[in-house]
Amino acid sequence: MNEDAQYIRKNVIAHNKWFEECIPMIASENLMSPLAKEMLISDLADRYAEGMPGKRYYQGNVYVDKVETRATELAEKLFKAEFADVRPISGTVANMAVLFAFAKPGDTITTCALAQGAHISTQKFGAFGQRGVESVNYPFNVDDMNLDVDGTIKLLREVKPKVAQFGLSVFLFPPPLKELNDVFQEIGCTVWYDAAHVLGLIAGGKFQDPLREGVNIMSSSTHKTFPGPNHGMLLGANLTEKQEAALRRAVFPGVTSSHHLHAMAALAVTLAEMKVFAKEYAAQVCKNAKALASELYGLGVPVLCPDIGFTESHAIAVDVSEFGGGMDVAQRLEDANIICNKNMLPWDESAVRPSGIRLGAQEMTRVGMRESEMKEVASFIARVCKGEDPAKVKKDVKAFKKGFTTVRYCFHEGEPAYAYKKLVE
Ligand code: DSN
């Protein structure tokens with residue numbers, strides 16, 4: 001090894017060690033199972049496949065085809081979908097495929113605003129803008145952190161979008177799809193749901209069931225509440241053959257060539273694991289998020305939406321303006337080994353200096369934490385918010401985390417969550 005390689009490796013090992021001693025609470029992250037990690041270092045990582053199983057442009061895909069076919073079947077079964085495509089290599093790439101398939105430059109798509117928790121790909125400077133679509137934002141009710149139903153119905157009738165898009169990155173409550181169904185039918189729009197944040201909850205029967213609530217196409221990443229690899233997926237219902245073909249063409253050759261076969265295999269085994277564990281896991285994630293929120297609120301840390309149970313998902317939004325704002329608090333929490341992100345709240349104008357932080361309970365659920373541990377986590381966060389020296393809190397966090405370093409809700413439960421397989425010392 002030369003000095004450069006040593007430097008890289010040393011820092012990656014240091015990262016692993018650090019995260020073992022941290023409480024990671026980024027709402028868009030999770031831990032893969034040992035089996036999924038094994039897939040990532042298989043020979044599939046070095047190979048190419050283009051097209052569909054049985055119709056490839058490369059030789060050497062005998063076993064890849066079997067894996068991909070089973071992954072597709074597992075995805076269709078788990079989400080009761082009529083259509084699945086496991087080839088998008090990320091959530092944003094899945095979103096780009098939907099844009100390519102269902103919208104032309106100049107078409108209008110309705111969506112949420114960034115400050116309301118929307119994902120950057122839905123914005124003018126993101127994939128929506130790159131595709132040249134016009135986006136119109138729904139009216140949003142800040143008290144409920146959800147769409148204003150009457151206003152949304154009115155807007156949909158006025159704008160008559162080609163596609164109505166739903167799904168957020170601060171995704172606390174299910175959008176009222178059932179209430180909007182009649183207007184979807186009336187205007188004949190395609191209904192698109194970005195499930196990235198809540199895919200693992202949907203797999204376990206929590207949050208909502210978009211494909212049964214009028215959604216035609218669900219795009220997603222596969223590594224947030226769904227504890228798989230960094231990858232993407234499309235799931236559909238009530239699509240025409242033409243629409244399904246357009247989606248497949250948009251994925252390849254539209255927005256991918258090969259589709260990261262090792263990640264696709266890791267997704268496949270995670271789908272197999274979620275078939276067994278999703279229900280129990282998703283229920284505990286939701287209980288933990290609520291427990292974390294109510295404990296923090298009780299400690300005087302203003303979590304949003306106290307009157308409606310704080311959240312129905314894995315995530316909570318916290319207004320930390322009285323403690324120095326999102327940027328400052330997120331940094332101090334990192335200094336205490338609690339990892340989260342600063343986040344805009346609906347009334348914020350700056351994404352760089354927002355008043356909020358976003359916290360997710362899914363990863364700590366994955367390592368076995370339950371409601372009682374959420375109380376401890378809340379007390380660490382409250383201590384930092386209220387100005388205690390982060391270095392002091394960090395000591396307690398490190399001691400506490402020692403009991404939670406193995407992965408749950410998967411095959412090979414109890415295997416190290418942050419293991420680094422060393423080639424040499
Ligand atoms: N950036 C991710 C999030 O944190 O929500 C989504 O891609």
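Along the sequence shown, residues carry numbers from 1. What you see below is based on every heavy atom in this structure, not just the backbone, and it leaves out hydrogens, waters and symmetry mates. When a ligand or atom number is given, it counts from 1 through the structure's own listing order.
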Exercise. Sub-3.5 Å donor-acceptor pair from the side chain of E373 to the main-chain atoms of R370, do we have one?
Worked result: yes
Exercise. Okay, side chain of R212, backbone of K80: is any donor-acceptor separation there less than 3.5 Å?
Worked result: yes
Exercise. Would you find more than 12 non-hydrogen atoms of other residues, nucleotides or ligands less than 6.0 Å from F83 atom CZ?
Worked result: yes
For this session: Check each atom of ligand 1 against the heavy atoms of S169 and keep those under 4.0 Å away; list them by number with element.
Result: 5 (O)
Problem set entry | Atoms in ligand 1 flagged as close to R358, the criterion being non-hydrogen separation under 4.0 Å | 3 (C), 4 (O), 5 (O)
Exercise. What protein heavy atom sits nearest atom 5 (O) of ligand 1, and how far off is it?
Worked result: H197 NE2, 2.7 Å
Problem set entry | Nearest neighbour in protein (non-hydrogen) for atom 1 (N) of ligand 1 | H119 NE2, 4.3 Å
For this session: Indicate, as side chain, backbone, both or neither, the part of H223 found under 4.0 angstrom from ligand 1 when only non-hydrogen atoms are considered.
Result: neither
Exercise. Do R408 and T406 have side-chain N/O donor and acceptor atoms under 3.5 Å apart?
Worked result: yes
Exercise. Any non-hydrogen atom of E29 lying under 4.0 Å from ligand 1?
Worked result: no
Exercise. Between R87, E68, E50, which is the residue that forms a side-chain hydrogen bond (donor to acceptor under 3.5 Å, both in side chains) with H259?
Worked result: E68
